[in-house]
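All chains are named by letter (A, B, ...) in the order of the sequence lines, taking the proteins before the strands, and each is independently numbered beginning at 1. These numbers come from the heavy atoms of this one structure, side chains and all, not from hydrogens, waters or symmetry mates.
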Amino acid sequence: MIDSIRMILQESHADLCGKFCHLLEPFLLSLAKTSKPITLKHCNQIHSKLITSQCTSQLHLTNTLLRLYSKCGHFRHAHHLFDQMPQKNVVTWTTLISAHLRSGSFTKAFHMFNLMRGADEKPNEYTFSVLLRACSSPSLLDVGLQIHGVLVHYGLERDKFAGCSLVYMYFNAANDVDDACRIFHELLERDLVTWNLMISGFAQVGDFSVVKRLFSEMWEVHGLKPDHSTLVSLLKCCSSLREVKQIHGLASKFGADVEVVLGSALVDLYAKCGDTSSCRKIFDSMEEKDNFIWSSIISGFTKNSRGEEAVHFFKDMCRKKVKVDQHVLSGTLKACVEMENLNTGVQVHGQMIKYGYQNDCFVASVLLTLYASFGELADAEKLFRRISNKDIVAWNSMILAYAWLDQGSAHCMQLLQELSRTTSQIRSATLVAVLKSCKSKSDLRAGRQVHSLIMKSSVSHHTLAGNALVHMYSECREIVDAYKAFVDIVWKDDGSWSSIIGSYTQNGMESEALELCKEMLADGIAFSIYSLPVCISACSQLSAIDVGKQLHIFAIKSGYTHDVYVGSAIIDMYAKCGNMEDSDKVFVEQLQPNEVIYNAMISRYARHGKSQEAIEVFSRFEKNGLTPNPVTFLAVLSACSHVGYVEDTLNFFTLMVNKYKIKPESEHYSCVVDAFGRAGRLEEAYQIVHKYGSEPAWRTLLSACRNHNNIKVGEKTAMKMIELYPSDHTPYILLSNIYTGEGKWEEAVKWREKMAKINVKKGPGSSWLI
DNA sequence: GTAGGGTTAG
C-alpha cells in the first residue's frame, strides 16, 4: 500500500492537480488504519502534496494527516500542521488531544482542551470520552470530576460514549459503585461494551453476585450475546476448577473464539486451580501467540512448581525470536528463584539488558532476589539502586535480601530509614521484612525499634506483624517479650500459636509449650502443618512419647504425615525417645523424602552414635539428586566427630566447602574441633578454635583437654576463655580438674580459689532421673 | 475523519 502511495506521489503535478484530493483520500484513510509502521518521511511527502495541490482547506484530509503525524509520534510536526490549519473543527482538536493522552502527556492534553474551549469550539461526546478515559486513575480523579461538570453543562451525560467513559472512571478512579450505577441506568442507549464495563467493574470490586445478576440480565432480558470481554470478567469470579471449566464451556456455547485475551485469562485461572494440562492445551491451540499468552503460560507453570517447564517456554520463545517483555522476564526469573537456578537467571539478565528492561522495577526486584539468594549482595544492591521508580515491593525485596544475611539487621534498618524519607506510610510487609533480619541477641535493639514503630503505626493490630514480633523475640532469646507480644495479638491465628509454642520449645520450656498447645485447642485453633512439628518437637525433648504418639495419630488422621516438616518431627521424636522401629516406619512412609527428611534421618543416627549408618544415609541423599545444605553437613559431621572419625570429619568438611560451596558456620567448626579433640590432636584443634571458634567450640576443646589431661593446651585454652567470657565458670573448673587429674593438687585449689574470688559461681548439679 | 470494554509479571 505504501508502495502505491509512492507511485502516486511520483506522478507529475499536472496529472494530479484536480483529482488529487479525491484520489488521496482513500489512501490516507487506509494509511491511518494500518497497523504497519508509518514513517515521518511518508507524512512529510503527503503533507507537501496536500500543500502543492491546494488541498489543505479540505478539513477531513488535514485531520487525517494530523492523525498520521500523531500516530507516528511526531507531535512537533502535528502541532506545526495544527497551527497552520486555516480552519479547525471539533475533530481537529479531539485528534490532537487524544494523541497527547495516548502518549501520556496529560498536561498538554488538558491545556489543549482549555484552548479549545477558549476558541469557542464545542467539545463533543468523543472529546469527553477520551478525556474521561484518561482520568481513570485515582490520582487524576479531581480533574475527572471537573470534566464531568463540564460534560453535564454540554448535556452529554446520558450519551452512550461519554457516559460509558464516566462509568469506567467512577469504577477505576473512585471505586464509586453507586455513581457508576446511576450513570449506567440513566444512559439513553446501552450496548455490549456498556454492559461489559459494568460487569468488569463489579468483578473488580469482588461483588460476584452482582456480576452474575448483570450477566443474566444482559443475556436473558436484553438478548446481548457475551463476548471475550464478558467471559474474562466472569472468570475473575471463579474460585474452583469446576467454575473455570463452566466459563470455558460458555465460550463454546456462545461461539466466542478463544483468542489470546480470553486464552491468557483461562491459562491464568487454570494454573491457579493447578490444572497445568488445560493450560498447555489452550496454549498449544493458539495460532497467534502474543506476549500475554507466553507470560501467562510461564507464570502458570511457575505457580505450580514446574519451573523447569517454565524456563523451557522462555527458551522456546527466545529461539523463535519472539521479543520478550517485562512480564515474561519477571515470570521466568521467578521460576529461577524457586529452582535456585542461577545460570538461567544470568541468561535472562542478558535478555533484560538486550531489550532495555534493566531498570524495570518488576524485573529487577526478582533478579535482585535471585542474586541475593546466591550471596551476591553487591550485585543485588546495584540492581536495586538502578531502578528508576522503586515501589514498595522493590524495597521489600532488597530488605529481605539483607535479612537473610547474618547481622543483616543494620543494613535493613538503614534501608528502612531511607524508605521513611520517601514515604510516611510504612506497611506491615516492610516491617515484617526488617524483623526477619533480627535473628540473634545482637539484633535485639533493631528488633525493639521496629516493635515501637509497629506500635506507633496503623499496623499494630495486624496479626502478621504480631506473629513476626513473637518470632523475632524468640530468635533473640527474649522469651518473656515473645510471650507479651503474643498476648498483644488481637486475632491470634495458627501462625501466632505456632510461633509462641516453637519459641518455648526452642528455649527449653517444653512443658509450657505443651500447655500452650492445650490452650490453642481450647481457643478453637486446630493443629496444622505449622503447629504440629513444634508440638511434636516439644514431646521429643521431654521424651513424652505418649503425647507424641497422640500427635502422630492426629497427623495420620488429618493426612499431614506426608508433609516433610511433620514427618521429620515424628521421625526425630521416635528416635529421641529411643523407638527406632517406629521412627523407621515413618521414614519409609514418606512419599517424596526431601532434604528435611534426610537431615532428620542423619541427625537421628548421629545422636545414637551410628556413624556408619549416618554416612550411608548421606550417600543415598546425594544419589537421589538432592543437594545437602548446612544442616545436612552439621548432622553428618557430628555423626563422624562423635565417634572420633577424624579423617571422615575432615573429608565431609572439605566436601561441604569445595563441592557444595557452603560457608562453614561455627557449629561446623565445632564438629572438627570435637573430632580432633577426641583423637587427642589438641594442638590442631586449638588452631581451629583460635581462628574460627565460638563459645561452644572453646568448651568442646577444653573438655577434650580434660579428657586427655593435656595441661599445655588446656592452660592456654582456659586462659583464652577467661579473657573472652569472664563470667563463665567452666574454664576454672576444668583447669582445676585437669590439675587434679595430674595430681597437682595445689594448682587445682588455686584455680578454685581464683574462681571464688572473682565471684564466678558454678550452678549446682542436677539430675534428670531423680 | 475524532471514541468506549477484556488478558500477563515481582
### Qualifying residues under salt bridge (Lys or Arg N to Asp or Glu O under 4.0 Å), relative to A:E338, sequence neighbours excluded
A:K334

Which of [range] sit near DNA chain B, with a heavy atom under 4.0 Å from it?
range                       : answer
residues 211-222 of chain A : none
residues 77-91 of chain A   : A:N89, A:V91
residues 355-375 of chain A : A:C361, A:F362, A:S365, A:V366
residues 97-125 of chain A  : A:S98, A:R102, A:N124

Please pick, from [options], the nucleotide with the shortest atom-to-atom distance to any side-chain atom of [X].
X      : options              : value
A:L59  : B:dG1, B:dG4, B:dG6  : B:dG1
A:S295 : B:dG4, B:dT8, B:dG6  : B:dT8
A:H60  : B:dG4, B:dT7, B:dG1  : B:dG1
A:K334 : B:dG10, B:dA9, B:dT2 : B:dG10

How would you label the contact of [X] with the nucleic acid (heavy atoms, under 4.0 Å): base, sugar-phosphate, or nothing?
X      : result
A:E259 : base
A:V393 : base
A:V193 : base
A:T332 : nothing
A:F128 : nothing
A:S233 : nothing

If you take atom types as modelled and just measure distance, does the side chain of [X] reach the base of [N] with a donor-acceptor pair under 3.5 Å?
X      : N     : result
A:S264 : B:dT7 : yes
A:D227 : B:dG6 : no
A:N196 : B:dG4 : no

### Query
Can A:L231 and A:L235 be said to form a side-chain contact (heavy atoms from CB on, under 4.5 Å), step by step?
CA-CA 6 Å; A:L231 296 170; A:L235 275 176; 5.7 Å; no

### Message
Please enumerate all residues that pass side chain to side chain donor-acceptor pair (under 3.5 Å) together with A:H349, with sequence neighbours excluded.
### Response
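Only A:Y371 meet the side chain to side chain donor-acceptor pair (under 3.5 Å) criterion with A:H349.
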
### Query
Who passes side chain to side chain donor-acceptor pair (under 3.5 Å) against A:R319, sequence neighbours left out?
A:D316

### Task
Would you confirm whether A:D360, through its side chain, and A:F362, through its main-chain N or O, come within 3.5 Å as a donor-acceptor pair?
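It does hold such a pair.
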
Which donor-acceptor pairs under 3.5 Å do side chains of residues 195-205 of chain A form with protein atoms, sequence neighbours excluded?
residue, atom, partner, partner atom, Å
A:N196, OD1, A:T230, OG1, 2.8
A:N196, ND2, A:D227, OD1, 3.1

Between [N] ([atom2]) and [X] ([atom1]): distance, integer Å:
X      : N      : atom1 : atom2 : value
A:E189 : B:dG4  : CD    : C1'   : 12 Å
A:L262 : B:dT7  : CG    : C1'   : 9 Å
A:I282 : B:dT7  : CD1   : P     : 16 Å
A:R67  : B:dG1  : CZ    : C1'   : 7 Å
A:L329 : B:dA9  : CG    : C1'   : 9 Å
A:K303 : B:dG10 : NZ    : C1'   : 12 Å

### Pairs involving residues 94-121 of chain A, ordered by first then second residue, that meet ring-ring contact (aromatic ring centres under 6.0 Å, His included) (sequence neighbours left out)
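Those involving residues 94-121 of chain A are A:F75-A:H100, A:H79-A:H100.
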
### Query
What residue pairs, at least two apart or across chains, pass ring-ring contact (aromatic ring centres under 6.0 Å, His included) with a residue in residues 252-275 of chain A?
A:W219-A:F254, A:H248-A:Y270

### Task
Please report the C-alpha distance between A:E121 and A:R117 in whole Å, then the side-chain angles of each, then the deciding distance to 0.1 Å, and finally whether the salt bridge (charged side-chain N to carboxylate O under 4.0 Å, His left out) criterion is met.
CA-CA 6 Å; A:E121 189 66 69; A:R117 295 180 66 207; over 6 Å; no

## Note on the structure
Minimal heavy-atom distance between A:G331 and A:T302, with the atoms involved, is O-OG1, 3.8 Å

### Query
Are A:K236 and B:dG6 close enough that a side-chain N or O sits under 4.0 Å from OP1 or OP2?
no

### ring centroid sep under 5.5 Å plus plane angle under 30, A:F292 with B:dT7
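Stacked: centres under 5.5 Å apart, planes under 30°.
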
### Task
Can you label the angle between the A:H47 ring and the A:Y69 ring as parallel, tilted or perpendicular, going by 30° and 60°?
perpendicular

### Aromatic plane relationship, A:Y170 with A:H148 - under 30° parallel, 30 to 60° tilted, over 60° perpendicular
perpendicular

### Task
With sequence neighbours excluded, tell me which residues meet side-chain contact (heavy atoms from CB on, under 4.5 Å) with A:S397.
A:S365, A:L368, A:T369, A:V393

### Task
Under the ring pair (Phe, Tyr, Trp, His ring centres under 6.0 Å) rule, collect the residues that match up with A:F215, sequence neighbours excluded.
none

### Query
Are A:K122 and A:Y154 in a cation-pi setup, meaning NZ or CZ lies under 6.0 angstrom from the ring centre and within 45 degrees of the ring axis?
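Because its charged atom misses either the 6.0 Å distance or the 45° angle limit, A:K122 does not stack over A:Y154.
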
